[in-house]
Amino acid sequence: MLTVPGLCWLCRMPLALSRWGICSVCERAARRHVSLCPRCGLPSAHPTMACGRCLQKAPPWQRLITVSDYAPPLSTLIHQLKFSRRSDIAPALSRVLLLEVLQARRQTGLTLPDRLISVPLWQRRHWRRGFNQSDLLCQSLSRWLRCPWDSRSVTRIRPTATQHHLSARLRKRNLKNAFRLELPVKGLHMVVVDDVITTGSTVAEIAQLLLRNGAATVQVWCLCRTL
């Protein structure tokens, strides 16, 4: 997709704030329109209560914020960001996520974090892509929320197989002991930021690592949650 300064990347209409790339109409249209469980982020009849799945076996994090299912238009922009090296899209996507977070804060009193954590890539994959998309999301969020972030807070200490075609059980095994924490987190409220959550295996492994090291709470923020 060719970017024209001053036009929305989705509807091609003029922007009031050209630096954001996505107009307010498209931003609202991109948000999910189904009721989600506040814990796991999957469909639920009660958006303010943990769903039956979480009552039986809750994920290790305490809250999940997502903008949408993995579907157009967000999925299109995320794909361009990651596979067409369109790093210029990242600030606009960060803003969409920020608006979702601020809405959750107004509605439910969401706790803002003491520190952001981006999901790390293995060094060779990072080198091939040229950047880590989670880092790019965190850069803007950290500045806007005035919240500390460092791309080296959690490191990936061994390569892992690509997750796309693995079952949930194999994803969990694939990620076992794949990450190392590089800073103290005792007593801190942490947020793990990623672009897309599918089974949640990656963020679950990082959340468990943070909690084992004394983090007070862990939230997960993502652009898309596969429903």
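Both backbone and side-chain heavy atoms feed into the values below; hydrogens, waters and symmetry mates do not.
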| Taking a hydrophobic cluster as the set of Ile, Leu, Val, Met, Phe, Trp and Tyr residues connected by side-chain heavy atoms closer than 4.5 Å, whether directly or through intermediates, do Leu121 and Val193 fall within one such cluster? | no
| note | Taken to the nearest 0.5 Å, the spacing of Leu77 CG from Cys224 SG works out to 9.5 Å
| Value rounded to 0.5 Å, distance of CG in Leu15 from SG in Cys23 | 6.5 Å
| note | Smallest heavy-atom separation, Cys51 atom then Cys40 atom, equals SG-SG, 3.7 Å
| Which atom of Trp9 lies closest to which atom of Asp88, heavy atoms considered | CH2-O, 3.2 Å
| task | Please answer: with hydrophobic residues joined when any side-chain heavy atoms are less than 4.5 Å apart, are Val119 and Leu188 in the same cluster? | result | yes
| Minimum heavy-atom distance Pro120-Ile206, with the two atoms named | CD-CD1, 4.0 Å
| request: Output, in order, the C-alpha distance, side-chain angles, deciding distance and verdict of side-chain contact (heavy atoms from CB on, under 4.5 Å) for Val154 and Arg180. | output: CA-CA 6 Å; Val154 172; Arg180 181 172 62 210; over 6 Å; no
| field | Hydrophobic cluster identity match, Leu227 and Ile197, side-chain contacts under 4.5 Å | value | no
| message | Can you confirm whether Leu98 sits close enough to Leu141 that some side-chain heavy atom of one is under 4.5 Å from a side-chain heavy atom of the other? | response | yes
| In terms of hydrophobic clustering (I, L, V, M, F, W, Y; side-chain heavy atoms under 4.5 Å; direct or indirect links), are Leu145 and Leu223 co-clustered? | yes
| message | Checking Val220 against Thr66 for the side-chain contact (heavy atoms from CB on, under 4.5 Å) test, could you report, in this order, the C-alpha distance in whole Å, the side-chain angles of both residues, the deciding distance, and whether it holds? | response | CA-CA 8 Å; Val220 174; Thr66 186; over 6 Å; no
| said: Taking Lys82 first and then Asp195, would you say they form a salt bridge - that is, a charged N and a carboxylate O separated by under 4.0 Å? | reply: yes
| remark: OG of Ser68 to CG of Leu97, rounded to nearest 0.5 Å, is 12.0 Å
| request: Would you please test Thr155 and Glu182 for side chain to side chain donor-acceptor pair (under 3.5 Å) and show each step? | output: CA-CA 7 Å; Thr155 56; Glu182 305 289 357; 2.7 Å; yes
| task | Apply salt bridge (Lys or Arg N to Asp or Glu O under 4.0 Å) to Asp150 and list each qualifying residue two or more places apart in sequence or on a separate chain. | result | Arg152
| remark: Rounded to the nearest 0.5 angstrom, the CE-CG distance for Met190 and Leu181 is 7.0 Å
| task | Answer whether the closest heavy-atom distance between the side chains of Leu36 and Pro43 falls below 4.5 Å. | result | yes
| field | Note, Leu183 side chain near Val185 side chain (heavy atom, < 4.5 Å) | value | yes
| request: Using modelled atom types only, decide if a donor and an acceptor are shared between the side chain of Asp135 and the backbone of Phe131 within a distance under 3.5 Å. | output: no
| query | Does the pair Val101 and Leu110 meet the rule for a side-chain contact (heavy atoms from CB on, under 4.5 Å), with working shown? | reply | CA-CA 8 Å; Val101 168; Leu110 180 77; 3.9 Å; yes
| message | Restricting to ring-ring contact (aromatic ring centres under 6.0 Å, His included), what partner residues turn up for His46, sequence neighbours left out? | response | none
| Nearest heavy atoms of Cys8 and Cys26, plus distance in Å | SG-SG, 3.8 Å
| query | Shortest non-hydrogen contact from Ala104 to Ile65? | reply | CB-CD1, 3.7 Å
| query | Counting only N and O atoms by type, is there a donor-acceptor contact under 3.5 Å from the side chain of Thr226 to the main-chain atoms of Tyr70? | reply | no
| said: Listing request: all salt bridge (charged side-chain N to carboxylate O under 4.0 Å, His left out) pairs with a residue in residues 103-118, at least two apart in sequence or in separate chains. | reply: none
| task | Quick one: pull up CG in Leu93 and CD in Glu27 and give me the separation to the nearest 0.5 Å. | result | 11.0 Å
| Is any side-chain heavy atom of Val218 less than 4.5 Å from a side-chain heavy atom of Gln62? | yes
| Does Ile89 reach the side chain of Gln80, with side-chain heavy atoms less than 4.5 Å apart? | yes
| query | For the side chain of Arg225 and the backbone of Val196, is there at least one donor-acceptor N/O pair under 3.5 Å apart? | reply | no
| Nearest-0.5 Å distance that lies between atom OG in Ser94 and atom CG in Leu137 | 4.5 Å
| Hey, are the side chains of Arg95 and Pro91 touching, using non-hydrogen atoms and a 4.5 Å cut-off? | no
| request: Apply the test side-chain contact (heavy atoms from CB on, under 4.5 Å) to residues Cys11 and Val25: give CA-CA distance (whole Å), side-chain angles for both, the deciding distance (0.1 Å), then the verdict. | output: CA-CA 9 Å; Cys11 69; Val25 174; over 6 Å; no
| task | Return the set of residues passing side-chain hydrogen bond (donor to acceptor under 3.5 Å, both in side chains) with Trp61 (not counting sequence neighbours), or none when no residue passes. | result | none
| said: The criterion is salt bridge (Lys or Arg N to Asp or Glu O under 4.0 Å); which residues satisfy it with Glu100, sequence neighbours excluded? | reply: Arg31, Arg32
| query | So do the side chains of Pro59 and Cys54 get within less than 4.5 Å of each other, counting heavy atoms only? | reply | yes
| message | By the side-chain hydrogen bond (donor to acceptor under 3.5 Å, both in side chains) test, which pairs, at least two apart or in different chains, include something from residues 185-194? | response | Ser134-Asp194, His189-Thr217
| field | ILVMFWY cluster, Met49 and Leu55 together (side-chain gap under 4.5 Å) | value | no
| remark: For Leu64 and Cys222 the tightest heavy-atom approach is CD2-SG, 4.3 Å
| field | Validation row: Arg129, Phe83 side chains within 4.5 angstrom (heavy atoms) | value | yes
